[in-house]
Amino acid sequence: MPERLLIMELNNLEKVRLDKALRMRQNGRDPYPTRTAVSNNISEAISAFTADETVEHVFTLGGRIRATRPMGKIIFAHIEDGFGRIQLFFRVNTLGEEAMKQFLDEFDLGDFIQATGKLFRTKTGEITLEVTDFKMLAKAITPLPAAKDEVVDGEIVRHATLSDPEARYRQRYADLAVNSDVRKVFQVRAGVVRAIRQFLDDRGFLEVETPILQPIYGGAAAKPFVTHHNQLKQDLFLRISFELYLKRLLVGMLDRVYEIGRDFRNEGVSFKHNPEFTQLEFYWAYADYLKVMELTEQMVAFTCDKVLGTRKVTFNGQELDFNPPWKRVELRQGLIDACGIDIAAFPTETGLEEAMKAKGIKVKPGMPRGKLIDQLIGDYLEINFIQPTFLYDYPRDISPLAKNKPGDPSTVERFEGFVGGMELCNAFTELNEPMEQEARFLEMGREYGADDEERHPMDEDYLQAMSYGMPPCGGFGMGIDRLTMLLADKRTIREVILFPHLRSRDEE
RNA sequence: GGGCGCGUAGCUCAAUGGUAGAGCAGUGGCCUUUUAAGCCAUUGGUUAAGGGUUCGAGCCCCUUCGCGCUCACCA
């Protein structure tokens, strides 16, 4: 075994632990054995014992040492694995003095240990493993960033545990090892994805995968990340949405498709934005945005049932009720009620800009009308939609992929879902007319200008696909991270992403 | 990118411009039903990094790095 860890300058605590590992090896004990004899996880052992305490239960358990209480001739300790926590009881009568000394000399908090013995209850009633044999499974050189723990009312209370957000995100492994509530967040997250898959699979949707590396990006107004294929000498973009590829599949008669995957947007980070995030999109032939609205309510309610067992969710100190139907607010009327501006009365950006200025709203000059409306939504509506709410019927000029509302050329059939003051999802009746789609692309090109990174590039192959005929359909996109935030009661997206993006540390 | 705040021992936190401390962890002892066990003793610091003011800087000033909040940006 090498006697150093070259990547790290070891502090005193780490040197002591490394010395212990080296000493173990010298004494013929492997601090990192290849195999274990673990028979069950801790939760299984406890369940078996409580099911029938009259018979003898012998287990070999593995886990990290979380607390030790040596008391001379006996030692109490707690170990924890991914499923539970249990007390160990070491006694000189059963183990002998040498083994007791070995435990005290070689084992530290955070080490992985394997312990064999039978379960019993101490006189305070705690289920405990009386250890007859034990060995090191993996020595921890760096101490876990936590002191001891205790159990108060069934909850594990870790004292002086890692709490600096930067350290927690950079060393998420330590955060997870030490803060079991963080582990729960990611169980919720996995449950969300599992529930959504089940919901869509049950309704005949086909899960597909489309390119992440795209020669032309589209489907959203966002700045892309750029990369390069060396051999093909071709610039490629990391996708900003799946939309244009998934809708090509409807042309190909895959009538119901969905994808859960990663989108990348080269924009600022915030409590609800991470440069890469997980998105669900589905497309549904022969449906429209009204049907999608209903399916959305059902899907989210189903997810709540599966993951939390309730549709009433506490988020940010407020109770959210995910029972359908969600509140429905028409965009134009919603803005009239919220700020007194009727966007239909201002068909040009200059008119709308004047109206907003008249209300004392700060407006950056030269914004297209769509962006002005977007600002109104953000300022007056989004933050106030705490309970699940659909905002519907958007202006055509901020929705280049959505289909016109019949009889109203300035409005498209689009809705966004808001919960907890935050946009959760976005959906529309999909534009399936190639001539109109081409016109929209050209308009967007004019609106933003050639130098605006957010302009929609013309995707000629997408128009080619649509020209083969695309069935009428509804489409939908939702941020998985944001839904997880709501169900896990986390106010920042970084809490629901295992390794959120952080600036690189400058190491000289 | 702008504004405000923060960065002290492995972890959690103290410290009027005047000798950098505590609890836990660690180390050495005592202790056969404890549970943040207890008791005695004890190690541990380039106060994020660099520069400046001062007799003297963790504290005041400047620069840099990182993080947080917020504004801007963000279909």
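- Atom CG in A:Asn426 sits roughly 14 Å away from atom C1' in B:C74 (whole-Å rounding).
- A:Gln87 comes within 4.0 angstrom of a nucleotide base, judged by non-hydrogen atoms across all strands.
- Using a 4.0 Å cut-off between charged nitrogen and carboxylate oxygen, A:Arg25 and A:Glu106 do not count as a salt-bridge pair.
- Atom CZ of A:Arg440 and atom P of B:A75 are 17 Å apart (whole Å).
- Salt-bridge formation is detected for the pair A:Arg396/A:Glu436: a Lys NZ or Arg NE/NH1/NH2 atom is positioned less than 4.0 Å from an Asp or Glu carboxylate oxygen.
- When the C1' atom is used for both B:C61 and B:U53, the distance is 7 Å, rounded to whole Å.
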request  = Might you work through the salt bridge (charged side-chain N to carboxylate O under 4.0 Å, His left out) test for A:Arg121 and A:Glu53, ending with a clear yes or no?
outcome  = CA-CA 9 Å; A:Arg121 281 188 191 269; A:Glu53 300 195 13; 2.6 Å; yes
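- Annotation: the span from A:Phe415 atom CZ to A:Leu290 atom CG amounts to 9.0 Å, rounded to 0.5 Å.
- When rounded to the nearest whole Å, the span between CD of A:Glu166 and C1' of B:C69 equals 15 Å.
- What separates CE of A:Met422 from P of B:A75 is a distance of 17 Å, to the nearest Å.
- Across all strands shown, A:Ser241 has no heavy atoms under 4.0 Å from either base or sugar-phosphate atoms.
- In this view, A:Tyr394 and A:Glu416 satisfy the side chain to side chain donor-acceptor pair (under 3.5 Å) rule, not counting sequence neighbours.
- Nucleotides B:C74 and B:G66, compared at atom C1', are 24 Å apart to the nearest Å.
- Straight-line distance from the CZ atom of A:Arg396 to the P atom of B:A75: 18 Å, rounded to whole Å.
- Between A:Phe277 and A:Phe264, the ring center distance fails the sub-6.0 Å criterion.
- Pair assignment for B:G56 gives none, since no Watson-Crick or G-U wobble pairing has each distance under 3.5 Å.
- When the P atom is compared between B:U64 and B:G2, the two are found 10 Å apart, to the nearest whole Å.
- Partner assigned to B:A48 is B:U64, using Watson-Crick or G-U wobble distances below 3.5 angstrom.
- In this structure, A:Tyr217 has its ring center closer than 6.0 angstrom to the ring center of A:Phe237.
- Comparing B:C55 with B:C69, their C1' atoms are spaced 40 Å from each other, to the whole Å.
- Partners of A:Asn266 by side chain to side chain donor-acceptor pair (under 3.5 Å), not counting sequence neighbours: none found.
- As judged by a 4.0 angstrom heavy-atom cut-off over every strand, A:Glu14 is placed among residues making no nucleic acid contact.
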Check the interface with nucleotides 9-15 of chain B: list each N/O to N/O pair with the protein under 3.5 Å, or write none.
{"residue": "B:C11", "atom": "O2'", "partner": "A:Ala160", "partner atom": "O", "Å": "2.0"}
{"residue": "B:U12", "atom": "OP1", "partner": "A:Ser163", "partner atom": "N", "Å": "3.0"}
{"residue": "B:U12", "atom": "OP1", "partner": "A:Ser163", "partner atom": "OG", "Å": "3.3"}
{"residue": "B:U12", "atom": "OP1", "partner": "A:Asp164", "partner atom": "N", "Å": "3.4"}

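- Nucleotides B:A15 and B:A22 have their C1' atoms positioned 11 Å apart, rounded to a whole Å.
- Under the Watson-Crick and G-U wobble criteria, each requiring two contacts below 3.5 Å, nucleotide B:G38 is paired to B:C30.
- Atom name P, nucleotides B:U8 and B:U42: the rounded distance is 27 Å, in whole Å.
- We find that OH of A:Tyr217 is positioned 14 Å from C1' of B:A75, with the value rounded to whole Å.
- For A:Lys371, no side-chain nitrogen or oxygen approaches OP1 or OP2 of B:C73 to under 4.0 Å.
- Not counting sequence neighbours, the partners of A:Lys247 by the salt bridge (charged side-chain N to carboxylate O under 4.0 Å, His left out) test are A:Glu243, A:Glu430.
- Distance check on atom C1': B:G29 versus B:U43 gives 15 Å, rounded to whole Å.
- Within the structure, ring-ring contact (aromatic ring centres under 6.0 Å, His included) pairs that include any residue of residues 91-110 of chain A comprise A:Phe90-A:Phe103, A:Phe103-A:Phe107, A:Phe103-A:Phe134, A:Phe107-A:Phe134 (at least two apart or interchain).
- Side-chain nitrogen and oxygen atoms of A:Arg69 include at least one within less than 4.0 Å of the OP1 or OP2 phosphate oxygen of B:A37.
- Straight-line distance between the P atoms of B:A57 and B:C4: roughly 27 Å, to the nearest whole Å.
- Distance, A:His273 NE2 to B:G1 P: 17 Å, rounded to whole Å.
- A sub-4.0 Å separation between OP1 or OP2 of B:C67 and a side-chain N or O of A:Arg168 is absent.
- Nucleic acid contact for A:Ile75: none, since no nucleic acid atom lies under 4.0 Å from a heavy atom of the residue.
- Pair assignment for B:U16: none, as no Watson-Crick or G-U wobble contacts are both less than 3.5 Å.
- For the pair A:Ile398 CD1 and B:C74 C1', the computed distance is 13 Å after rounding to whole Å.
- Exactly one residue among A:Phe476, A:Phe428, A:Trp326 makes a ring-ring contact (aromatic ring centres under 6.0 Å, His included) with A:Phe390. That residue is A:Trp326.
- The pair A:Asp81-A:Arg64 does not count as a salt bridge, with every side-chain nitrogen at least 4.0 angstrom from each carboxylate oxygen.
- Pairing of B:A72, defined by two Watson-Crick or G-U wobble distances under 3.5 Å, is not identified with any nucleotide.
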query = How does protein contact run along nucleotides 27-33 of chain B, one letter per nucleotide 5' to 3', with B for base contact, S for sugar-phosphate only, - for none, heavy atoms under 4.0 Å?
reply = S---BBB
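- With a cut-off of 3.5 Å on both Watson-Crick or G-U wobble distances, the partner of B:C11 is given as B:G23.
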